[in-house]
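If you're wondering where the values come from, they're calculated on a predicted model, not measured in any experiment. In what follows, chains carry the letters A, B, and so on, assigned in the order in which the sequence lines appear, proteins first and then strands, with residues in each chain numbered from 1.
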Amino acid sequence: MKLALIDWLIILVYLIGCLGAGLWMRKFVRGVEDFAVAGREMDVNLGIASLAATELGLVTIMYTAQLGYEKGFAGATIGVLAAGAIWLVGRTGFVIGPLRAAGVMTIPELFQKRFGSRVRWLAGVFVAAGGLLNMGIFLRLGGEFLVYATGLPPQWLEWVMTALLGLVLLYTALGGMLSVLITDFLQFLVMGVGIVATSLLVLWTIGWSNLVAGLTAAWDGTGPGKMAAHPFNPFHGSSFGWTYLLWMFVFQIAAATTWQTQISRVLASKDVTTARRMYQRTSFYFVGRFLLPGLWGAAAFVWYAQHGGLPAELNSLTAMPHFLSTLLPVGIIGLVVAAMLAAEMSTDSGYMLTWATVIYNDIITPCLKRPLAPKHQLLLTRGLVLAIAVFLLFYGLWYELPGNAWDYLAVTGNIYLASVFTLLVAGLYWPRANTMGAAAALILGALGPIAFLILGKKYAIAPEIAGASSFALAAIGMIAGSLLGSPPARTIDAAPSASTS
Amino acid sequence: MNTVFILGWGVLIAASIAWYAFLVFYVGIKAGREIREMTDRLARKE
């Protein structure tokens, strides 16, 4: 379906509103702390809106819909585990409590207090590299949604996404976290309305009974289409299976306490209580983050199975946006495209700001002999946001990734999560942890998955084994290194310092 | 066993749609107020 005039008007009003609100906030930015963590003025409901908007990107909608297309409703089990992990972390304050109380701007900054500046710098490199590689594919997958959902000519993809990134860059580089928070709020509203409307329309069109019957028939081979994984039971051997789900819960605990874009909302919170409440109240949102786009993907599978099969030019990733383009009426498709643009923009802005802050705070600052003047600090951070945007364009949009990048990205992401999670937990809860243990954990946590990636191709090692091994190696490195080295001289002062809290 | 899983996913889908709709209204109103208070505080700091 081509977009009608009313659809374009909805999209235009949304984009102008976002840009205006984002630019308006720049007048409140007086220094790096306002720019990076919004002067730590964020309250709980704004935190919920910002966290939800940032962690539900268009890339998320694409891969969760793909899971729904390939694994049925069972594909959304990862979202249920993520929600459980986030609720548990919020309820107990595990890691996020002492992290916010320490009054730092980034996770590696905490490592300086505990393990010294070299560990901080090394962790900063890990965090920034893992984060930037993870983000590298966002624009391309987001662009593919727009091409298949709106009927835009594919050759426009690069230019449309470049213009969209330019818009995000403008308000993020000028207003920092303050602009990100207010645009996240608007994007959260537009996204929420779009996701609810789409889910109801999908259910209305395809029908719940027909959807369940279609998935069942595809699984047991009595109807059109063929689904290889059990569409309802995630514990079934053909679906995820027990060991993968157990590993995924550990992974989600690590992500909830370590993923810097999530943690940046914790660090921008007014206090520890606000951060914990924000996590608890946002947790159930993560079920819908997987399940609702997963529902669209499963519906696309059944719809194409009952209408002569998936067209040759589509695959499990592009089936959902194409399905929506045939399903949604004029006016609603404009709202949904605006909602998906909101998902893309809120994620891009939050991620660009987060990784720029880590590079400024943990890689460049420790190397400077004397601190920069506040004006130059702000200029440098804005320059880094611009540099990341340029990197994104060339890495993710204009440069065609050779082969399947997902395996490579999953391993690099895991290097960061395993090693930094180990350092955080040991640094906060194990008094004997020292610099030697931290360095050993960082290096072993990185070496393990890389070795598994190389050996995994030859010996077909399961992803849960490869993933769990990186956590085990990082933990062994931390324990052995700390016990072999001398006891640490530093401990973390958990009381908020006057200058940073 | 299948019926239990299908029922479970059905409940979760309905709850997710309801939760998203509720959050848009509830958090929308509350966060809008928090933004106004935050900008007031930031303006006073200047």
Practice item. Please look at Leu186(A) and chain B and tell me whether the side chain, the backbone, both or neither of the residue comes under 4.5 angstrom of a heavy atom of that chain. Key: neither

Practice item. Quick one: closest heavy-atom pair of Ala299(A) and Ile206(A), and the distance? Key: O-CD1, 3.3 Å

Review point. Which bit of Phe185(A) is near chain B, if near means a heavy-atom gap under 4.5 Å: side chain, backbone, both or neither?
Key: side chain

Check your understanding: Between Met191(A) and chain B, which part of the residue has a heavy atom less than 4.5 Å away: side chain, backbone, both or neither?
Key -> neither

Review point. Mind checking whether His236(A) and His230(A) have parallel, tilted or perpendicular rings, split at 30° and 60°?
Key: tilted

Exercise for review: Please flag which part of Ala15(B) lies under 4.5 Å from any non-hydrogen atom of chain A: side chain, backbone, both or neither.
Suggested key: both

Practice item. Go through the atoms of Ile195(A) and report whether side chain, backbone, both or neither lie under 4.5 Å from a heavy atom of chain B. Key: side chain

Point to revise | Contacting region of Val80(A) [heavy-atom separation from chain B under 4.5 Å] | key: side chain

**Study point:** Donor-acceptor pair between Ser199(A) and Trp296(A) side chains, under 3.5 angstrom
**Key:** yes

Point to revise | Heavy-atom pair count under 4.5 Å with chain A, highest-scoring of Gly8(B), Ala21(B), Gly10(B), Ala31(B) | key: Ala31(B)

Check your understanding: What part of Leu215(A) lies closer than 4.5 angstrom to a heavy atom of chain B: side chain, backbone, both or neither?
Key -> neither

Point to revise | chain B contact residues among residues 287-294 of chain A, heavy-atom distance under 4.5 Å | key: Val287(A), Gly288(A), Arg289(A), Leu291(A), Leu292(A)

**Study point:** Sidechain-backbone polar pair: Thr64(A) side chain, Thr60(A) backbone, donor-acceptor under 3.5 Å
**Key:** yes

Check your understanding: Sub-3.5 Å donor-acceptor pair from the side chain of Glu34(B) to the main-chain atoms of Leu46(A), do we have one?
Key -> yes

**Study point:** From CA spacing to verdict: side-chain contact (heavy atoms from CB on, under 4.5 Å), Thr77(A), Leu245(A)
**Key:** CA-CA 8 Å; Thr77(A) 309; Leu245(A) 293 176; 3.8 Å; yes

Check your understanding: Between atom CZ of Phe284(A) and atom CG of Leu23(B), what is the distance when rounded to the nearest 0.5 Å?
Key -> 10.0 Å

Review point. Would a distance-only check, ignoring hydrogens and angles, find a side-chain to backbone donor-acceptor pair under 3.5 Å from Thr282(A) to Met278(A)?
Key: yes

Exercise for review: Identify the two heavy atoms, one from Gly297(A) and one from Met320(A), that lie closest to each other, and give their separation to 0.1 Å.
Suggested key: N-CG, 4.2 Å

**Study point:** Option in Pro231(A), Ala52(A), Gly192(A), Ala74(A) with maximal non-hydrogen atom pairs under 4.5 Å from chain B
**Key:** Ala74(A)

Review point. Leu211(A) versus chain B, heavy atoms under 4.5 Å apart: side chain, backbone, both or neither?
Key: neither

Check your understanding: According to the interplanar angle, ranging from 0 to 90°, do the rings of Tyr69(A) and Phe301(A) count as parallel (below 30°), tilted (30 to 60°) or perpendicular (above 60°)?
Key -> perpendicular

Review point. Excluding sequence neighbours, so at least two apart, what forms ring pair (Phe, Tyr, Trp, His ring centres under 6.0 Å) with Tyr14(A)?
Key: none

Review point. For Tyr26(B), is it the side chain, the backbone, both, or neither that has a heavy atom closer than 4.5 Å to a heavy atom of chain A?
Key: side chain

